[in-house]
Amino acid sequence: MSIPTTPFDPPELEAGTLRVVPLGGLGEVGRNMTVFEYGGKLLVVDCGVLFPEEHQPGVDLILPDFEPIKGRLDDIVGVVLTHGHEDHIGAVPYLLKLKGDIPIIGSGLTLALTEAKLKEHRIKPYSLTVTEGQRENLGPFELEFIAVNHSIPDALAVAVRTPAGLVLATGDFKMDQLPLDGRLTDLRAFARLGEEGVDLFLVDSTNADVPGFTPLERSIGPVLDQVIGQAPRRVIVASFSSHVHRVQQVLDAAAAHGRRVALLGRSMVRNMTIAEELGYLHVPEDVLIDYKKARDLPDDRIVYMSTGSQGEPMAVLSRMANLDHAIEPGQGDTVILASSLIPGNENAVYRVIDGLTKLGANVVHKGNAKVHVSGHAAAGELLYCYNLLKPKNVLPVHGEYRHLMANARLAQDTGIAPERTLLAENGTVIDLKDGEARAVGQLDLGFVYVDGSTVGEITDADLKDRRILGEEGFISVIVVVDASTGKVISGPEIHARGFAEDSAVFEDVKPKIAAALAEAAKSGVRDSHALSQIVRRTIGRWVNQSLRRRPMIVPLVIEA
């Protein structure tokens with residue numbers, strides 16, 4: 001049950017064996033991607049992104065590491081997308097840039113959201129729209145798609161049949177018994193698969209450490225209705241840009257209280273336009289209004305529906321909190337954060353809440369009102385699934401390590417043996433044969449950063465440099481030395497940024513640098529790189545001891 005840590009190569013894949021390799025989504029909330037291999041062919045399930053945290057400055061997105069499949073793109077029979085959230089579809093454009101004709105398979109809404117994203121990258125995909133109950137054969141993989149309930153419509157679990165056994169991957173799911181769209185998680189299909197015999201169960205872990213059952217989505221409607229009805233001035237609601245159900249509830253509440261709704265944020269406008277065109281979003285008559293026209297309405301007649309519920313610095317809500325948006329929240333405005341906190345985003349979200357509160361807004365969030373419920377199954381629902389399916393082997397996926405561990409314990413509580421409960425991390429190679437799943441290798445995977453126009457060029461070392469620049473400051477030192485004698489002719493000239501101290505403080509270290517270079521000259525050191533390192537070490541020690549700082553130091557030794 002322990003998680004592999006040291007990389008080791010898997011053996012050659014034996015005939016009649018199914019290999020399963022998660023490339024993302026384990027030990028993190030995002031980057032969900034799993035590769036199945038059988039008979040020389042690969043099937044990919046989901047291909048999502050992870051959003052950066054504060055210790056990854058400047059990074060836009062984080063992708064799964066495609067390295068294990070880069071040399072085998074021709075073997076990929078398709079990419080199955082379980083639903084349309086960014087953490088499951090966001091990396092598809094980057095995979096298709098490697099090979100544009102890989103088929104993508106998913107439900108109507110999922111593919112519409114993905115194709116809109118691909119259009120921005122000027123990629124026209126080969127796609128296959130599927131619905132619940134449908135079966136498709138892709139190479140050696142027989143796929144069956146099963147309806148599951150989630151916080152976005154049209155989510156699907158996928159059953160993968162091969163001669164090596166039956167695998168069920170839930171995607172993200174919950175078991176809301178009164179869903180807003182009437183689309184239940186198909187427990188009859190789960191039971192039927194359980195009777196057939198599930199050899200490996202890949203199951204959503206995000207809420208595995210939450211006891212009981214996830215509350216009903218419909219319980220949010222009355223709360224939103226009450227908050228919007230009692231709001232004295234403008235209302236700003238922030239949510240995920242793909243949360244169709246939440247937007248529907250906001251539209252209905254606004255219509256009930258005579259308010260118009262303006263959508264803010266490019267992704268929000270794009271996704272809700274798609275959802276309305278496909279019939280997943282039902283817009284009450286004369287409720288939607290362009291946000292530029294909305295500014296002419298009385299304050300008590302408008303609701304703004306925006307992105308930025310996770311504190312993303314460039315999203316609409318953060319820009320509002322920083323007074324960097326045309327709409328400036330103020331005294332008497334009501335701001336509703338209708339989302340949960342993704343782990344790692346807590347500080348950013350609370351900064352936005354504080355900023356909005358300081359401006360005089362009344363901020364309503366999950367901590368002080370029931371304005372959001374999770375889209376993921378809690379412990380009670382997972383136990384129900386284990387008892388229904390009775391899988392031979394379990395691989396908890398989609399969650400941080402505490403979530404994976406909690407999910408594994410739930411499986412064992414229902415009688416699944418510890419050795420049949422696999423705790424894995426990204427890159428763990430799992431082979432399924434004769435009803436037994438076991439870890440046979442551990443790939444060495446990394447983070448692939450999207451930074452502006454670059455993909456994979458930024459390294460962890462670069463991010464460390466950025467953190468040092470942001471936290472510790474920057475010092476450049478220029479020294480001119482005689483090429484023949486090594487003696488200092490000019491300098492040291494020191495320039496510092498990010499220091500509270502006056503530049504005069506560095507006068508104390510200049511003689512130390514000159515002395516160190518003179519000592520090196522006596523020893524016959526003439527190489528400019530070696531002299532630069534002497535300068536770096538000398539000023540680095542002094543700054544550390546005198547100023548208690550560890551800045552980035554860039555020495556330049558010029559020979560004359």
Side-chain angles (χ1 to χ4, degrees), residues 30 48-52 60-61 84-90 93 109 112-121 151-153 224 228 234-251 253-254 259-278 280-281 283 287-295 297 302-329 333-342 345 348-349 351-353 355-356 359 361 363-365 371-372 375 450:
V49 296
L50 178 69
F51 292 101
D60 300 317
L61 298 170
H85 281 151
E86 288 290 311
D87 59 334
H88 289 255
I89 68 170
L109 180 61
L113 296 175
T114 306
E115 287 166 356
K117 185 177 297 296
L118 289 167
K119 188 175 181 181
E120 294 180 357
H121 290 261
S151 55
I152 186 172
L224 289 173
I228 291 173
R234 296 176 297 182
V235 177
I236 301 162
V237 185
S239 179
F240 293 117
S241 64
S242 54
H243 203 328
V244 178
H245 296 323
R246 195 68 71 246
V247 175
Q248 183 70 65
Q249 289 172 315
V250 171
L251 290 173
R259 290 180 182 253
R260 308 286 297 275
V261 177
L263 302 178
L264 301 179
R266 188 166 58 92
S267 59
M268 177 70 75
V269 173
R270 180 192 67 200
N271 292 346
M272 291 309 120
T273 301
I274 291 170
E276 183 183 10
E277 288 173 352
L278 295 179
Y280 295 98
L281 183 70
V283 180
V287 166
L288 281 182
I289 186 172
D290 183 85
Y291 98 93
K292 290 179 182 177
K293 295 179 180 178
R295 284 181 286 179
L297 292 174
I302 184 65
V303 175
Y304 292 107
M305 187 81 218
S306 85
T307 57
S309 61
Q310 295 303 307
E312 307 96 308
M314 297 307 295
V316 171
L317 194 65
S318 292
R319 290 166 52 206
M320 285 183 184
N322 294 326
L323 298 180
D324 185 29
H325 194 274
I327 298 163
E328 298 183 353
D333 287 340
T334 300
V335 180
I336 304 171
L337 271 69
S339 68
S340 56
L341 286 177
I342 292 177
N345 293 347
V349 172
R351 264 200 306 273
V352 171
I353 291 174
L356 293 166
L359 293 172
V363 184
V364 180
H365 54 90
V371 290
H372 180 72
V450 178

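Because the structure is predicted, anything quoted here is derived from the model rather than measured.
- Taking CZ of Arg234 as the start and CG of Asp333 as the end, the distance is 4.0 Å to the nearest 0.5 Å.
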Subject >> Residue pair Leu317, Leu337: steps toward the side chain to side chain contact (heavy atoms under 4.5 Å, CB included) verdict >> reply: CA-CA 10 Å; Leu317 194 65; Leu337 271 69; 3.9 Å; yes

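- Taking each heavy atom of Ser151 and His243 in turn, the nearest pair found is O-ND1, 3.1 Å.
- Every side chain to side chain donor-acceptor pair (under 3.5 Å) that Tyr280 has, sequence neighbours left out, goes to Asp154.
- Between His365 and His372, the closest side-chain pair of non-hydrogen atoms is not below 4.5 Å.
- A heavy-atom distance below 4.5 Å is found between the side chains of Arg270 and Glu120.
- Looking at Val352 and Val363, their side chains never come closer than 4.5 Å, going by heavy atoms from C-beta outward.
- Looking at every heavy atom in both residues, Ala326 comes nearest to Arg295 through CB-NH1, 3.5 Å.
- Under 3.5 Å, the side chains of Asn271 and Ser242 contain no donor-acceptor pair of N or O atoms.
- The nearest pair of heavy atoms linking Ala361 to Val335 is CB-CG2, 4.0 Å.
- For His325, the side chain to side chain donor-acceptor pair (under 3.5 Å) test picks out no residue, with sequence neighbours left out.
- Considering only heavy atoms from C-beta on, Met272 comes within 4.5 Å of Val244 through its side chain.
- Considering only heavy atoms from C-beta on, Met268 stays 4.5 Å or farther from Val316 through its side chain.
- When all heavy atoms of Thr307 and Ser267 are compared, the closest pair comes out as CG2-OG, 3.6 Å.
- Expressed to the nearest 0.5 Å, how far CZ of Arg259 lies from CD1 of Ile289 amounts to 13.5 Å.
- Taken from CD in Gln248 to CG in Leu224, the straight-line distance is 12.0 Å, to the nearest 0.5 Å.
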**OP:** Begin with the C-alpha distance, continue with both residues' side-chain angles, and end with the deciding distance and a verdict on side chain to side chain contact (heavy atoms under 4.5 Å, CB included) for Leu359 and Leu323.
**Re:** CA-CA 9 Å; Leu359 293 172; Leu323 298 180; 3.9 Å; yes

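- Scanning all heavy atoms of the two residues, the minimum distance from Ala254 to Val261 falls at CB-CG2, 3.4 Å.
- Residues Ala294 and Ala262 come closest through the heavy atom pair CB-CB, 4.0 Å.
- Side-chain contact between Thr273 and Glu277 is present, with at least one heavy-atom pair separated by less than 4.5 Å.
- Here CZ of Arg246 is found 12.5 Å from CD1 of Ile152. Values are rounded to the nearest 0.5 Å.
- Here the CE-OG distance, from Met305 to Ser239, works out to 4.5 Å after rounding to the nearest 0.5 Å.
- Rounding to the nearest 0.5 angstrom, the gap separating the CG atom in Leu278 from the CG atom in Leu109 is 6.5 Å.
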**OP:** Please test Leu288 against Leu251 for side chain to side chain contact (heavy atoms under 4.5 Å, CB included), starting from the C-alpha separation and ending with a verdict.
**Re:** CA-CA 8 Å; Leu288 281 182; Leu251 290 173; 3.9 Å; yes

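- Every residue two or more places apart in sequence or in another chain was checked for a salt bridge (charged side-chain N to carboxylate O under 4.0 Å, His left out) with Arg260, and none qualifies.
- The aromatic rings of His85 and Phe240 are tilted relative to each other, their planes meeting at an angle between 30° and 60°.
- Around CZ of Arg266, the count of heavy atoms belonging to other residues, nucleotides or ligands within 6.0 Å does not exceed 12.
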